[in-house]
Protein chains: 2
Amino acid sequence: MAVTSGVKNRTRQAIIDAAIDLLAGNPACSLGDIAAAAQVGRTTLHRYFAERADLLAAVSAEGGERLVRAATLADLERGTGAEALLRLCREYFDLGSLLSLMFAGQGGECWESQDEGGLLRVIERGRADGSIDPALPPDWVLALLWSQLYAAWEYRAQRQDASRHHVLDLLTRTLSNALRPPSS
Amino acid sequence: MAVTSGVKNRTRQAIIDAAIDLLAGNPACSLGDIAAAAQVGRTTLHRYFAERADLLAAVSAEGGERLVRAATLADLERGTGAEALLRLCREYFDLGSLLSLMFAGQGGECWESQDEGGLLRVIERGRADGSIDPALPPDWVLALLWSQLYAAWEYRAQRQDASRHHVLDLLTRTLSNALRPPSS
DNA sequence: CCGTCATGGAACACGTATGTTCCACTACGA
DNA sequence: TCGTAGTGGAACATACGTGTTCCATGACGG
């Protein structure tokens with residue numbers, strides 16, 4: 001498969017990036033808005049993605065790739081379950097507006113199904129090695145992870161004075177506390 | 001000001017209730033859908049709320065009232081700051097789909113501004129009495145409260161087997177752990 | 001210099017949500 | 001029995017998003 005002319009790839013990527021940013025803020029935003037944000041004509045957008053559903057599918061695929069990439073960077077096999085989860089949290093935090101987009105997708109549709117199994121395994125490991133409270137069901141831990149991640153992202157968006165490092169520190173502290181077993 | 005005939009009040013309330021339920025699931029849902037859910041004609045809906053914005057304003061007002069009512073029931077002046085916050089959490093949890101609606105409203109627009117001050121005072125009290133980690137900024141505590149509340153609501157919606165009591169127990173446990181100061 | 005490639009704009013048809021008007025039906029009290 | 005309040009349905013005009021077609025422009029390599 002030939003690499004369809006570097007120009008087309010860049011245009012396509014610009015559209016997808018713009019779509020992620022705008023859809024995160026308003027899942028019902030118009031294609032015209034997305035095209036404008038990507039600095040291309042609406043005609044061009046339709047040339048790459050015939051229907052809205054096609055664009056959404058491409059955004060979904062891009063999101064899935066970024067999630068997998070983040071999970072790889074987090075090196076989930078290393079350390080205790082809780083440590084791995086917190087590392088993953090830091091990687092996910094850098095996904096930016098993609099977080100809002102997935103949260104708007106109501107908890108899980110396509111992307112999560114990919115590595116959700118992997119995450120649940122990490123959580124189980126944490127419950128076994130004593131770094132995560134076994135009284136917490138794995139999917140509740142997952143819900144907790146996503147909700148605090150989203151809260152941290154929104155917190156950072158509202159208070160520009162808060163540095164990335166500071167917010168990440170708050171997130172790490174509260175999440176690890178929430179998951180810690182009572183005996184520890 | 002006369003009480004405009006009990007019938008009109010009941011119709012109006014039915015429309016607002018239906019609007020809260022549907023808008024929580026889809027903020028862009030049509031007025032026709034809301035009218036159908038309220039079991040009234042679209043004409044009637046327009047008779048009570050001339051424009052969509054009018055209905056949204058009424059929903060906003062209703063949400064604000066319910067929040068205030070919940071805060072009153074929580075008796076925020078009693079006990080430590082953390083205890084009061086957890087009581088409030090339980091009251092808020094029963095607001096149901098209103099939680100999703102306010103979360104869709106992106107963290108805070110009108111309703112929160114009402115009692116946000118009161119909540120921040122409770123959080124400050126908790127920081128002072130040692131029941132809340134003083135290292136956590138009050139508005140981060142607030143963000144944490146809302147995000148875990150939303151997570152709990154979604155968790156309950158997805159897993160019908162989880163009883164209200166069980167979910168509320170998980171929420172209380174993780175939230176109080178997240179807020180607990182390290183020394184304790 | 002010419003051809004193609006990628007693009008952007010204009011215009012159109014179509015569907016849907018919205019807001020309005022008009023008329024008919026039902027319940028209820030005087 | 002009559003008049004009124006509350007309602008619902010049908011129809012209409014309007015606005016907006018969508019998907020398509022057609023044509024013009026600028027860039028780039030032969």
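Owing to the predicted nature of the structure, the values given are computational and were not obtained by experimental measurement. Residue numbering restarts at 1 for every chain, and letters A, B, ... go by the order of the sequence lines.
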Remember a base hit wins even if backbone is also touched, and classify A/Arg52 as base, sugar-phosphate or nothing at under 4.0 Å, heavy atoms. sugar-phosphate

Rounded to whole angstroms, how far apart are CG on A/Leu55 and P on D/dT18? 10 Å

Reading DNA chain D 5' to 3', how would its secondary structure be written in dot-bracket notation, given Watson-Crick and G-U pairs with both distances under 3.5 Å, brackets [ ] for crossing pairs and | for partners on other strands? ||||||||||||||||||||||||||||||

For B/Thr43, answer base if it contacts any base atom (sugar-phosphate contacts may also be present), sugar-phosphate if it contacts only those atoms, and nothing otherwise; contact means non-hydrogen atoms under 4.0 Å. base

Is the shortest distance from a Lys or Arg side-chain nitrogen in B/Arg69 or B/Asp94 to a carboxylate oxygen in the other one below 4.0 Å? no

To the nearest Å, give me how far apart NE2 (B/His46) and P (C/dT20) are. 7 Å

Mind calculating the distance between CZ (A/Arg42) and P (C/dG9) to the nearest angstrom? 11 Å

Could you tell me whether the phosphate oxygens of D/dT7, OP1 or OP2, come under 4.0 Å of any side-chain nitrogen or oxygen in B/Tyr48? yes

Would you kindly say whether A/Arg12 and A/Asn9 are connected by a side-chain donor-acceptor distance under 3.5 Å? no

Comparing nearest nucleotides in DNA chain D, the 5'-proximal residue of the pair A/Cys29, B/Thr11 is B/Thr11

Grab the CD-C1' distance between A/Gln39 and C/dA6 for me, whole Å please. 16 Å

From CD1 of B/Ile34 over to P of C/dT18, roughly how many Å is that when rounded to an integer? 8 Å

Once you round to the nearest 0.5 Å, how far does CZ of B/Arg156 lie from NE2 of B/His166? 11.5 Å

A/Asp54 CG - D/dT18 P separation (whole Å): 13 Å

Tell me whether A/Glu91 is salt-bridged to A/Arg87, with the criterion being a basic N under 4.0 Å from an acidic carboxylate O. no

Would you check if B/Arg121 and B/Leu76 make a side-chain contact, meaning some heavy-atom pair closer than 4.5 Å? no

Does B/Arg47 reach a base, just sugar-phosphate, or nothing at all? Heavy atoms under 4.0 Å. base

